[in-house]
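In what follows, chains carry the letters A, B, and so on, assigned in the order in which the sequence lines appear, proteins first and then strands, with residues in each chain numbered from 1.
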Number of protein chains: 2
Amino acid sequence: MEGKSFLRLLFLIFSAVLLLLLTLLNLPTRRPARRSYSSTAAYSSSRTSPLPRATTPPTFPRHPLDPLTVRELNRVRTILSSTRYSRRLPTRSTPSSSTSQKKSKVLAWRKGDPLPPRKASVVARANGASHVLTVNIETSEVTRHETGSLSGYPTMTIEDMTSATWAPLSNADFNRTIVDRGIDLTDLACLPISTGWFGKSEESRRLIKVQCYSMKGTANFYMRPIEGLTVLLDMDTKEVIHIVDQGKNIPIPKAAGTDYRFSALNTQQMRLTNPISIEQPKGPSFVIEDGHSVKWANWEFHLKPDPRAGVVISRAMVRDPGTGDLRNVMYKGFTSELFVPYMDPTDAWYFKTYMDAGEYGFGLQAMPLDPLNDCPRNAYYMDGVLAAADGTPYVRSNMICVFERYAGDIGWRHSESPITGMEIREVRPKVTLVVRMAASVANYDYIVDWEFQTDGLIKAKVGLSGILMVKGSPYVNMNQVNQQDNLYGTLLSENVIGVIHDHYITFYLDMDVDGSDNSFVKVNLQREQTSPGESPRRSYLKAVRNVAKTEKDAQVKLKLYDPSEFHVVNPSKKTRVGNPVGYKVVPGGTAASLLDLDDPPQKRGAFTNNQIWVTPYNRTEQWAGGLFVYQGQGEDTLAVWSERDRPIENEDIVLWYTLGFHHIPCQEDFPIMPTVSSSFDLKPVNFFESNPILRIPPNVDKDLPNCQAAASA
Amino acid sequence: MEGKSFLRLLFLIFSAVLLLLLTLLNLPTRRPARRSYSSTAAYSSSRTSPLPRATTPPTFPRHPLDPLTVRELNRVRTILSSTRYSRRLPTRSTPSSSTSQKKSKVLAWRKGDPLPPRKASVVARANGASHVLTVNIETSEVTRHETGSLSGYPTMTIEDMTSATWAPLSNADFNRTIVDRGIDLTDLACLPISTGWFGKSEESRRLIKVQCYSMKGTANFYMRPIEGLTVLLDMDTKEVIHIVDQGKNIPIPKAAGTDYRFSALNTQQMRLTNPISIEQPKGPSFVIEDGHSVKWANWEFHLKPDPRAGVVISRAMVRDPGTGDLRNVMYKGFTSELFVPYMDPTDAWYFKTYMDAGEYGFGLQAMPLDPLNDCPRNAYYMDGVLAAADGTPYVRSNMICVFERYAGDIGWRHSESPITGMEIREVRPKVTLVVRMAASVANYDYIVDWEFQTDGLIKAKVGLSGILMVKGSPYVNMNQVNQQDNLYGTLLSENVIGVIHDHYITFYLDMDVDGSDNSFVKVNLQREQTSPGESPRRSYLKAVRNVAKTEKDAQVKLKLYDPSEFHVVNPSKKTRVGNPVGYKVVPGGTAASLLDLDDPPQKRGAFTNNQIWVTPYNRTEQWAGGLFVYQGQGEDTLAVWSERDRPIENEDIVLWYTLGFHHIPCQEDFPIMPTVSSSFDLKPVNFFESNPILRIPPNVDKDLPNCQAAASA
């Protein structure tokens with residue numbers, strides 16, 4: 001028992017908000033983004049503000065919300081290994097790169113003020129328990145230390161995941177099984193798959209499942225599953241608990257046609273269009289001050305990378321065109337949790353019910369963006385500072401990009417028709433600012449965009465690309481399939497089935513519309529019948545406002561035939577003509593989870609039971625699936641908090657919105673998926689006195705660039 | 001009676017598919033689009049295909065689907081005035097600019113073949129009846145002549161509309177009312193408002209309502225309604241039937257803050273961003289052959305302006321990357337009808353239930369696009385050839401634009417995470433082709449985009465901008481409003497209420513997926529419960545395919561909690577692994593009409609009763625609200641056709657999709673609305689064997705332009 005505990009300590013897996021030991025641990029020296037700028041010598045330097053560039057992360061914090069710096073992370077590591085906590089915690093502690101700052105202190109802070117004491121949130125696994133600590137970096141004190149009483153474990157570290165993929169190879173039975181399947185062990189690629197939680201047998205040890213693929217003949221091993229082979233591991237000891245192999249008769253699908261790398265397809269390349277680029281002859285119109293404060297057009301906000309959420313937007317403020325004042329819109333917005341249940345109840349698939357932020361770390365999986373392809377030429381790249389499992393800081397280069405977007409869209413327009421005889425044609429182009437991240441959670445790629453419009457709208461958009469999780473099958477053609485057979489998906493290629501699944505992305509949106517105390521108002525459109533003789537019309541729609549008093553009033557399932565607008569208003573601030581100032585959340589295309597509410601995955605993913613929720617602000621309620629999502633049992637989700645039915649009228653409230661996708665794969669998704677996107681908007685509604693971009697000028701030819709093909713330059 | 005009939009003949013209002021007498025009747029000499037290209041002398045001319053440019057419309061047709069040319073329209077006019085029809089029809093006949101060609105003949109035609117006989121569809125009003133004629137231009141014969149037996153009248157002509165706005169001024173009572181309201185007659189701007197149909201009293205004469213505004217102090221007279229004043233006119237005689245004035249106590253809202261013209265705001269302009277442009281150093285990648293055949297990347301389609309639909313896309317075909325063959329996707333797609341009911345049952349508002357295509361002519365209202373603002377610099381502009389009320393052809397310049405769009409989006413991507421230790425980062429940028437039109441139906445502006453993606457997806461997008469239709473009100477602040485008062489909208493400014501309304505845009509989509517005979521398949525996602533002991537999971541979603549046998553099987557109301565995919569498949573063509581090839585319609589954000597099904601406007605707009613319908617192809621069923629929508633009673637709508645419940649399995653079928661918006665105005669919409677958009681997609685589903693853009697190359701720096709600010713060039 002002592003030995004086992006020691007082993008556990010040794011292989012310990014820690015943080016909740018984490019890191020990448022196997023990546024570039026060095027500060028990046030290659031800076032493609034910067035090179036891209038310096039090569040465009042023809043750019044005019046006539047604008048006053050400096051060109052945005054990618055820079056190395058700041059050494060010192062300048063804003064209360066700034067993430068922990070390399071220096072601070074090192075300091076946290078030193079504090080935890082040199083204090084009395086070193087006795088109780090492994091020296092390899094696991095700080096999050098996020099700070100822990102009270103909202104009131106952040107709101108009170110003004111540029112030039114001294115920073116509030118810098119504190120680090122640390123989540124660690126040690127001695128079989130989950131620890132949550134707050135470390136005051138300046139005083140070297142640990143000001144809070146709790147041991148998790150909830151079910152579930154912290155987010156896996158990259159070390160957890162990578163070591164899990166290799167662990168089965170130390171098991172002779174596993175190796176024999178692989179060889180029996182005709183696969184050379186050197187061609188093996190394995191994936192760490194979170195187990196979810198399905199009952200008591202899975203309690204009190206950290207478990208992970210491993211499934212493997214053949215990478216022979218392709219970089220796209222995902223398309224060559226060794227179907228039916230599942231290894232259950234103890235994640236702490238790396239002990240193989242058991243191996244199930246139910247797929248001996250299922251062939252490994254062929255490698256041909258699966259590779260997607262340009263280098264592998266170079267000879268067959270297909271150039272469909274001439275080069276095209278977004279050009280800004282006077283340079284971009286935004287600056288990023290002090291490393292994290294973005295200023296663009298009429299917007300200002302704080303932007304930071306986060307190991308769990310990926311991107312965090314804070315203190316988003318828009319300038320009022322009437323008063324010139326910056327006005328608060330959103331205190332904080334981020335992707336709080338994802339839920340990706342697969343729709344196959346069989347042994348090798350039932351547990352695939354991923355929660356990518358809390359289990360894998362959405363930010364940890366955000367890979368460096370590819371300049372010119374992930375983001376256009378006018379982009380700025382921001383690095384992330386993350387911590388490895390032992391607390392060592394490292395830099396993820398190009399983790400976020402920021403760029404101005406001009407898609408040829410129209411901000412507003414009006415032509416007079418000849419009916420009135422007036423010769424009017426007024427059109428304003430639309431230019432927006434995009435903040436982008438792309439997380440590759442193993443096979444799948446999520447592209448998260450926050451887009452800011454000059455008319456005050458914020459669009460949150462999620463794109464899905466990457467590679468399907470597929471199932472091996474004996475079938476090579478649908479004509480072999482009986483009517484009664486359930487494929488659980490679509491036959492995409494010989495022996496390859498794309499399994500049906502859903503994606504839910506739940507956003508935390510701490511709206512502070514002109515201040516923290518806000519109300520949530522459902523503006524319901526109801527059919528009114530006219531009285532006999534009242535009107536030639538029999539019916540019309542009437543807007544009926546309902547202010548949500550408590551949380552249950554704000555649990556919303558969207559209904560096409562019982563529609564509402566959903567406003568967050570400031571009840572104590574009104575426009576000139578007396579409307580409460582507000583923002584509304586405008587859903588786009590979405591999907592709802594249809595799983596049984598008592599199904600274990602849906603209990604854990606209960607934050608998807610509604611599309612909209614509103615909770616009172618509570619510093620500890622940020623992660624919709626709970627702080628400890630891994631193997632969590634669902635007792636700390638947004639759904640549970642909301643059932644407390646707390647008052648939310650004229651309070652500091654948080655809006656939660658869940659964007660959903662049903663995905664029935666099709667052959668076009670093979671071997672790599674064209675991006676599918678959906679989005680929702682946060683849109684000003686009686687926030688401004690009138691159209692805030694009435695006075696922007698149209699495009700004129702003399703302002704636009706004079707371009708040559710680079711090759712001929 | 002004779003005299004009255006003569007008068008009617010004289011003022012006659014005719015065509016269904018119409019024209020703009022008061023606009024530029026001359027061929028355009030100003031060609032900003034072309035100038036824009038010629039000024040960019042730095043463009044490389046290294047590409048083989050010629051640069052697309054705006055050209056004058058072709059003199060001769062080259063394709064069976066080409067619209068009538070100026071020459072052909074003149075010929076039709078001559079035929080109708082010189083044959084025996086001149087006795088029965090006024091010499092001022094009203095040809096549509098559309099041809100009438102059988103689908104089978106169009107499909108059989110190959111480039112180089114002689115064109116099938118050119119025929120013109122003519123809809124005319126004469127002697128109190130609506131005439132539908134087909135004129136064979138080559139033989140000078142009228143091959144079809146029917147007199148409308150249905151209720152309703154043809155689309156108004158521009159002459160109808162303009163003359164209606166002036167007609168009240170010949171009425172002394174009207175003029176007295178205006179002066180009593182304190183308005184100078186020279187400041188008057190009036191609008192022609194379709195009456196809808198509300199019962200027997202409105203039968204057997206063409207009626208229109210006129211409402212007026214003060215344009216004193218602003219070009220945006222729409223914000224200065226003379227509330228409650230409605231003039232009912234006989235549209236043929238221009239006789240004032242009666243005047244209602246119920247708004248004497250409602251002030252005309254102020255002019256201040258309503259003008260939106262740059263020239264009027266020049267001194268207060270607000271420049272938020274530096275110039276930005278989409279640049280293509282080697283020029284655009286598309287060509288438009290023979291005036292109407294668009295070839296871009298892997299797409300080819302026929303594009304033409306249409307007086308009723310606006311834009312018609314025909315014969316859309318995509319090249320298969322495997323075989324190199326062009327494959328049929330859509331025979332024809334266009335905006336068939338709009339329905340815009342306002343939600344105010346009072347006297348001056350109840351009838352506002354516009355059907356913009358059939359009543360006003362969506363294409364007739366498409367104004368010249370503004371280069372650099374409506375469309376980016378790389379756009380090609382296509383003119384429309386339309387016919388005036390007397391049959392005279394005229395040219396609408398820049399009616400449609402075509403451009404390549406690069407918004408910084410991602411076509412597909414995948415990065416390997418460090419878990420697998422593979423260094424992979426493959427990203428492909430997304431470049432699309434957009435076809436755009438902007439129709440200004442009096443106050444409102446509709447931006448219609450057809451966007452083609454290289455991955456086979458077609459996105460149809462509708463943007464709403466322009467100016468609200470507002471209601472005058474005695475209120476200047478919401479604190480004056482009683483709880484019981486119904487404003488029917490939002491107080492936007494002092495004395496101005498933005499009235500709640502809906503917008504529905506119904507698309508005709510004649511899908512021909514690899515051939516004309518297709519089936520409509522609902523792929524329903526159903527929750528399956530597992531049996532006890534079967535799985536740790538209690539539930540999962542299963543895709544259940546239901547092939548629609550008849551029309552009623554394909555009447556679809558979208559349901560978030562009972563979701564389906566909607567496929568149009570070719571049951572006789574399968575992929576290599578045996579899936580039927582198909583395209584699916586993917587709804588985005590939308591709204592459903594909630595009016596009482598027996599409300600007269602909803603009976604006329606019954607094509608909005610479902611979001612999706614499928615009908616068998618029928619040449620006469622193209623206009624969702626019926627051929628004669630104006631004052632129509634709804635007996636010729638899509639809803640009526642669909643009730644015939646005809647077989648649609650493995651038939652030549654037409655898919656109908658309705659995009660909807662509820663619009664509760666807000667102050668940001670005053671005095672001109674920032675664009676709000678929604679869209680739906682037509683997306684390949686097992687149409688290609690695999691991802692069709694697997695082999696496109698990434699962007700590389702050396703291909704991108706080298707730009708200077710134009711001012712410094």
Applying a strict 4.5 Å limit to non-hydrogen atoms, the region of A:Pro600 in contact with chain B is side chain

Whatever's closer than 4.5 Å to a heavy atom in chain A on B:Glu404 counts as both

Cut-off 4.5 Å, heavy atoms of chain A, and the answer for B:Gln529 is side chain

Per-residue tally against chain B (heavy atom, under 4.5 Å) across A:Pro536, A:Pro587, A:Gly466 peaks at A:Pro536

Under 4.5 Å to a heavy atom of chain B? For A:Asp502 that would be side chain

Quick one, A:Pro563 and A:Leu541 - any side-chain contact, counting heavy atoms below 4.5 Å? no

Checked B:Asp370, B:Thr675, B:Asn686, B:Thr590 vs chain A; the most non-hydrogen pairs under 4.5 Å come from B:Asn686

Note: vs chain B, highest number of non-hydrogen pairs under 4.5 angstrom among A:Val431, A:Ile410, A:Thr454 is A:Ile410

Chain B shares the most heavy-atom pairs under 4.5 Å, among A:Phe403, A:Phe198, A:Tyr561, with A:Tyr561

Cut-off 4.5 Å, heavy atoms of chain A, and the answer for B:Arg527 is side chain

Note: vs chain B, highest number of non-hydrogen pairs under 4.5 angstrom among A:Leu694, A:Asn691, A:Asp344 is A:Asn691

Whatever's closer than 4.5 Å to a heavy atom in chain A on B:Leu558 counts as both

So, the part of A:Thr490 with a heavy atom under 4.5 Å from chain B: the answer is side chain

Bottom line for B:Pro684: the part with an atom under 4.5 Å from chain A's heavy atoms is both

* Answer yes when B:Arg413 and A:Asp374 have at least one side-chain N-carboxylate O distance shorter than 4.0 Å, and no when they do not. => yes

Ranked by heavy-atom pairs below 4.5 Å to chain A, first place among B:Leu265, B:Asp598, B:Thr165 goes to B:Asp598

Cut-off 4.5 Å, heavy atoms of chain A, and the answer for B:Leu525 is both

Residue from A:Ala591, A:Gly199, A:Gly411 scoring the most non-hydrogen pairs under 4.5 Å with chain B is A:Gly411

Taken to the nearest 0.5 Å, the spacing of A:Arg377 CZ from A:Glu279 CD works out to 4.0 Å

Whatever's closer than 4.5 Å to a heavy atom in chain A on B:Ala219 counts as both

From the list B:Met478, B:Lys574, B:Met343, the residue making the most non-hydrogen contacts under 4.5 Å with chain A is B:Met343

Here the gap from A:Thr273 atom OG1 to B:Asn298 atom CG, rounded to the nearest 0.5 Å, amounts to 9.5 Å

Taken to the nearest 0.5 Å, the spacing of A:Asp445 CG from A:Ser465 OG works out to 6.0 Å

Okay, A:Glu565 and chain B: the region with an atom under 4.5 Å from a heavy atom over there is side chain

Closest non-hydrogen contact found for A:Val523 with A:Ala543 is CG1-CB, 3.8 Å

So, the part of B:Met422 with a heavy atom under 4.5 Å from chain A: the answer is side chain

Ranking B:Asp455, B:Asn479, B:Ile664 by heavy-atom pairs under 4.5 Å to chain A gives rank one to B:Ile664

Tell me if a side-chain donor or acceptor on B:Glu689 pairs with a main-chain N or O of B:Thr575 at a distance below 3.5 Å.
no

Ranking B:Ile447, B:Val586, B:Leu492, B:Ile693 by heavy-atom pairs under 4.5 Å to chain A gives rank one to B:Ile447

Applying a strict 4.5 Å limit to non-hydrogen atoms, the region of A:Ala592 in contact with chain B is both

From the list A:Leu272, A:Leu191, A:Ile276, the residue making the most non-hydrogen contacts under 4.5 Å with chain B is A:Ile276

Rounded to the nearest 0.5 angstrom, the CD-OG distance for B:Gln667 and A:Ser690 is 8.0 Å

**Prompt:** Under 3.5 Å, is there a donor-acceptor pair between the side chain of B:Asp409 and the main chain of B:Lys430?
**Reply:** no

Okay, B:Glu426 and chain A: the region with an atom under 4.5 Å from a heavy atom over there is side chain

Under 4.5 Å to a heavy atom of chain B? For A:Tyr260 that would be both

Test item: B:Pro281 and A:Cys707 side chains (from C-beta on) under 4.5 Å apart, heavy atoms:
no

Counting heavy-atom pairs under 4.5 angstrom with chain A, the leader among B:Phe670, B:Phe687, B:Phe688, B:Phe351 is B:Phe688

Cut-off 4.5 Å, heavy atoms of chain B, and the answer for A:Pro601 is side chain

Exercise for review: Output yes when a side-chain donor or acceptor of B:Ser440 lies under 3.5 Å from a complementary backbone atom of A:Ser417, and no otherwise.
Suggested key: no

For this session: Could you check if a side-chain atom of B:Arg428 sits within less than 4.5 angstrom of a side-chain atom of B:Pro698, using non-hydrogen atoms only?
Result: yes

* Backbone of A:Asn699 reached by a side-chain donor or acceptor of B:Asn373 within 3.5 Å -> yes

dist A:Phe262:CZ -> B:Ile696:CD1 (nearest 0.5 Å) comes out at 9.5 Å

Give a yes or no on whether the backbone of B:Arg425 and the side-chain of B:Ser415 come within a donor-acceptor separation of less than 3.5 Å. no

Whatever's closer than 4.5 Å to a heavy atom in chain A on B:Asn486 counts as side chain

If one checks every heavy atom of A:Leu491 against chain B at 4.5 Å, the contacting part turns out to be both

One should read off an interatomic distance between B:Gln280 CD and B:Leu704 CG, to the nearest 0.5 angstrom, of 11.5 Å

Bottom line for B:Thr530: the part with an atom under 4.5 Å from chain A's heavy atoms is side chain

So that I can tick it off, tell me whether A:Arg537 and B:Asp596 are bridged by a salt bridge, with the cut-off set at under 4.0 angstrom between side-chain N and carboxylate O. no

Applying a strict 4.5 Å limit to non-hydrogen atoms, the region of B:Thr420 in contact with chain A is side chain

Item to complete: Go through the steps to decide whether B:Leu560 and A:Lys559 satisfy the test side-chain contact (heavy atoms from CB on, under 4.5 Å), and finish with yes or no.
Response: CA-CA 7 Å; B:Leu560 186 62; A:Lys559 291 178 186 138; over 6 Å; no

Q.
Whether the side chain of A:Asp599 engages the backbone of B:Ser539 through a donor-acceptor N/O pair (distance < 3.5 Å, no angle test) should be reported.
A. yes

Bottom line for A:Val700: the part with an atom under 4.5 Å from chain B's heavy atoms is backbone

